[in-house]
Protein chains: 4
Amino acid sequence: MAPEPRRRLPPEQREKQVLDAAVRVFSRSGFHDTSMDAVAEEAGLSKPMVYTHGGGSKEELLRRCIRREADRLLSSVSGAAAGAPADAEVRLRRGLHAFFTSVTTHRDGWSVLYRQARTGALADEVQAARTRIVDRVAQLLAAELAVPDGVDPTTVTAPLAAALAGAAEGLADWARDADEPDPDVLAGTLMALLWPGLALLRG
Amino acid sequence: MAPEPRRRLPPEQREKQVLDAAVRVFSRSGFHDTSMDAVAEEAGLSKPMVYTHGGGSKEELLRRCIRREADRLLSSVSGAAAGAPADAEVRLRRGLHAFFTSVTTHRDGWSVLYRQARTGALADEVQAARTRIVDRVAQLLAAELAVPDGVDPTTVTAPLAAALAGAAEGLADWARDADEPDPDVLAGTLMALLWPGLALLRG
Amino acid sequence: MAPEPRRRLPPEQREKQVLDAAVRVFSRSGFHDTSMDAVAEEAGLSKPMVYTHGGGSKEELLRRCIRREADRLLSSVSGAAAGAPADAEVRLRRGLHAFFTSVTTHRDGWSVLYRQARTGALADEVQAARTRIVDRVAQLLAAELAVPDGVDPTTVTAPLAAALAGAAEGLADWARDADEPDPDVLAGTLMALLWPGLALLRG
Amino acid sequence: MAPEPRRRLPPEQREKQVLDAAVRVFSRSGFHDTSMDAVAEEAGLSKPMVYTHGGGSKEELLRRCIRREADRLLSSVSGAAAGAPADAEVRLRRGLHAFFTSVTTHRDGWSVLYRQARTGALADEVQAARTRIVDRVAQLLAAELAVPDGVDPTTVTAPLAAALAGAAEGLADWARDADEPDPDVLAGTLMALLWPGLALLRG
DNA sequence: GATGAATGAGTCTTCATTCAT
DNA sequence: TATGAATGAAGACTCATTCAT
């Protein structure tokens, strides 16, 4: 009798449908102010569907959102940095460019990663996602910086990477509220600020 | 265990008692995962006391916490930067030193300011607090940077300030999780990264 | 004990189930001394059901109770008065008879209408319900009374209707506490008291 | 040091001060929507004073208000009816006149008596107050009506008294909302409606 | 597989009431 | 005596989660 209003979809597409909706709503209202009803409505699905394809709980749903968006951002940055061989400056600039591009393009994903509370139950997941990115930056730096023999490069690069990533985040956040979505300009600004210092640190 | 269960206190002390407890609990669990019961228990008071001296609502309570911690941090940084006259490099270093000192000393205040969700009703307040700090940094930069005539210095300094503040936040966050609470080291690291670039930008 | 704890019912039945329970509890304890928990328990439902089917708030729930009971009473009286054509005395007697029948049969509904506080947020609703009934009586009177030309009949009938309705309420209230539920007797008493005066006023 | 701002008052005056304020506030907002703070503020006293001189609890405070206002109303009506000797009609008219005068003059007292919820804890007190008045009316009627020997006059007069009192209440309520505070008019209206019937019932 | 309907558990907030001064 | 300050207890309302269809 029912004209079969919504076709059955393969689970992967359903999961994407759910996660896409969840990212939109979470980025808009944050974890606690988002109700599962709102996610279901945004996805055009019923709530049990959201539970089935979203991990079974609201917390797990956000967890998956965070992981997916972190993956997206990380692979985008990594890909760019590791693209055609080039000198250090160019690679760093390319990485930043990719970062700002990604952040500007997927504003919702950015919000889910960087404007969520880093307290309580999901603090670890958010921290983990940010750490993965900072670690990746630290790796890139480690390859470039001159580190005296016998010193764990991490000791030197880790704080620098944290600062660099923070600078990028701060600038990205500023760009979101101001009206400067041009990745070229943003990457240029950050390079002008950071590269001289980094170049000196390379020895 | 408490020997004097009901002792009348001047309102200022009560408010401090309530805000101190609230900052501790909010920093631990975030806004939504914190119950007013938990705040009351942490303060060793009854819930009505928390309402009376905490602004009358949970939201207003967090608002006041944010303002107080932002004031504390801001005045600490401002005071240091504006201390004895000195050249630009020294002043920036002193400002950063004060920042890392404050952040390291008041870890809970830092969490309340920088690990809260920037979504929902209190996004404004958090953003405002952070903006006040970034703006202060921007002012300091504007006094130092060479800006071509006819150009609003803010246009140049605002993104730099955001990046600088972000770098400091990133480094502070790293310091919190790593075990490096020495403000000298942290300020030194950040200066080494940023000052060369800034010096060049001064022209 | 209940053999079918979760049975899906059509919304209309659920609403009736909720309103019936609410009328019982409100009539027993009044608005403020009634908790939504008590309504839920009386209905054999969970509290969210009461909210879903009861209008979303305690106030709206009582509002709906009042409206429903007023409708019931009003239609019962109107129907009787407007039944088969008859002279004025018979029609008034029939209206009173219907009133006392309804009031005696639905004691809870009567309490909700006539023993609620007429103060605060719901005063309007209670007054409105009573006014609808008094106005209906006034209409009946206006059709019978001789009113000098050029005089708004309401001026004459309104106070009489108020007095008449008040007399009926007072008698109904007495009948509720005494043990006289016979509508014939009650209507007869009231007719004996009022009709001679009304007949004279008809001119 | 304190200039002794409020003189110590004899307890009776304090009680009057408290009850006066309470009647005003209760009549305005009803029992449940009135806070003891509001009563204290209206009385210009501190809350413990209200408790000391108001009976020790909110419920007892309203109880006393009800009793006092009922006394006032009852003695006013009784006094008038029992004044100079006169025939039945005149005495009833005088009683009604006194009733409407009292009700018009002390609107707050009227509200406390007649617009409070007659449900829950204070139902008995309100009912008792109204019953005292109705009983007084019944007594007056019993002296006038012809009751067959061997019949308890109450059987006959009680319902009539209830109806009569109800009519008066209904008219008083109408007069409060309409703009007719003239006791002469109100008593006249009610006499025109009721006296013919009563006269017939006298046999 | 998909959903409308139902609920258990938990939170904010308010007030009548009472000490300690 | 008179009070500012403090609290215990209770109630409205919401939402993540899961059956029964």
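Proteins get letters first, then strands, A, B, ... in listed order; numbering begins at 1 in each.
- No engagement by His32(B) is indicated, since no non-hydrogen atom pair under 4.0 Å with the nucleic acid exists.
- Between Met36(C) and Pro48(C), the residue anchored nearer the 5' end of DNA chain F, judged by the nucleotide with its closest heavy atom, is Met36(C).
- In this structure, the CD atom of Glu41(C) is 17 Å from the C1' atom of dA12(F), given to the nearest Å.
- The phosphate of dG1(E) has neither OP1 nor OP2 within less than 4.0 Å of any side-chain N or O from Arg14(A).
- In this structure, Ser57(A) reaches the sugar-phosphate backbone alone: every heavy-atom distance under 4.0 Å involves primed, P, OP1 or OP2 atoms, never a base.
- With both pairing distances under 3.5 Å, dG8(F) is matched to dC15(E) as a Watson-Crick or G-U wobble pair.
- Atom-to-atom, CD of Glu59(D) to C1' of dT17(E) comes out at 14 Å; the value is rounded to the nearest Å.
- In terms of position along DNA chain F, the nucleotide closest to Leu45(B) lies nearer the 5' end than the nucleotide closest to the other residue of the pair Lys58(C) and Leu45(B).
- Under the 4.0 Å criterion applied to side-chain N and carboxylate O atoms, Asp71(C) and Arg64(C) are not assigned as salt-bridge partners.
- A heavy-atom distance below 4.5 Å is not found between the side chains of Gln13(D) and Gln17(D).
- Distance Gln13(D) CD to dT1(F) C1': 17 Å, rounded to the nearest Å.
- Every ring pair (Phe, Tyr, Trp, His ring centres under 6.0 Å) that Tyr114(D) has, sequence neighbours left out, goes to Trp110(D).
- When the P atom of dC13(F) is taken as reference, atom CD of Glu60(C) falls 11 Å away, rounded to whole Å.
- The base of dT7(E) has none of its N or O atoms less than 3.5 Å from a complementary donor or acceptor on the side chain of Lys47(C).
- Contact annotation for Met49(B): base contact, defined as any heavy-atom pair under 4.0 Å involving a base atom.
- Residue Ser46(B) places its side chain closer to dT7(F) than to any other of dG4(E), dT7(F), dG11(F).
- Between Leu61(B) atom CG and dT11(E) atom P the separation is 16 Å, expressed in whole Å.
- Atom pair Leu62(C):CG and dG11(F):C1' shows a separation of 16 Å (rounding to whole Å applied).
- With both pairing distances under 3.5 Å, dT21(F) is matched to dA2(E) as a Watson-Crick or G-U wobble pair.
- A 4.5 Å side-chain heavy-atom check between His106(B) and Val23(B) finds every atom pair outside the cut-off.
- In this structure, CG of Asp37(D) is placed 12 Å from P of dT14(E), rounded to the nearest angstrom.
- Taking only side-chain nitrogens and oxygens, His53(C) comes nearer than 4.0 Å to OP1 or OP2 of dA6(E).
- Rounded to whole Å, the distance from OH on Tyr51(B) to P on dG8(F) is 16 Å.
- Residues Asp108(A) and Asp20(A) are not in side-chain contact: their nearest non-hydrogen atoms beyond the backbone lie 4.5 Å or more apart.
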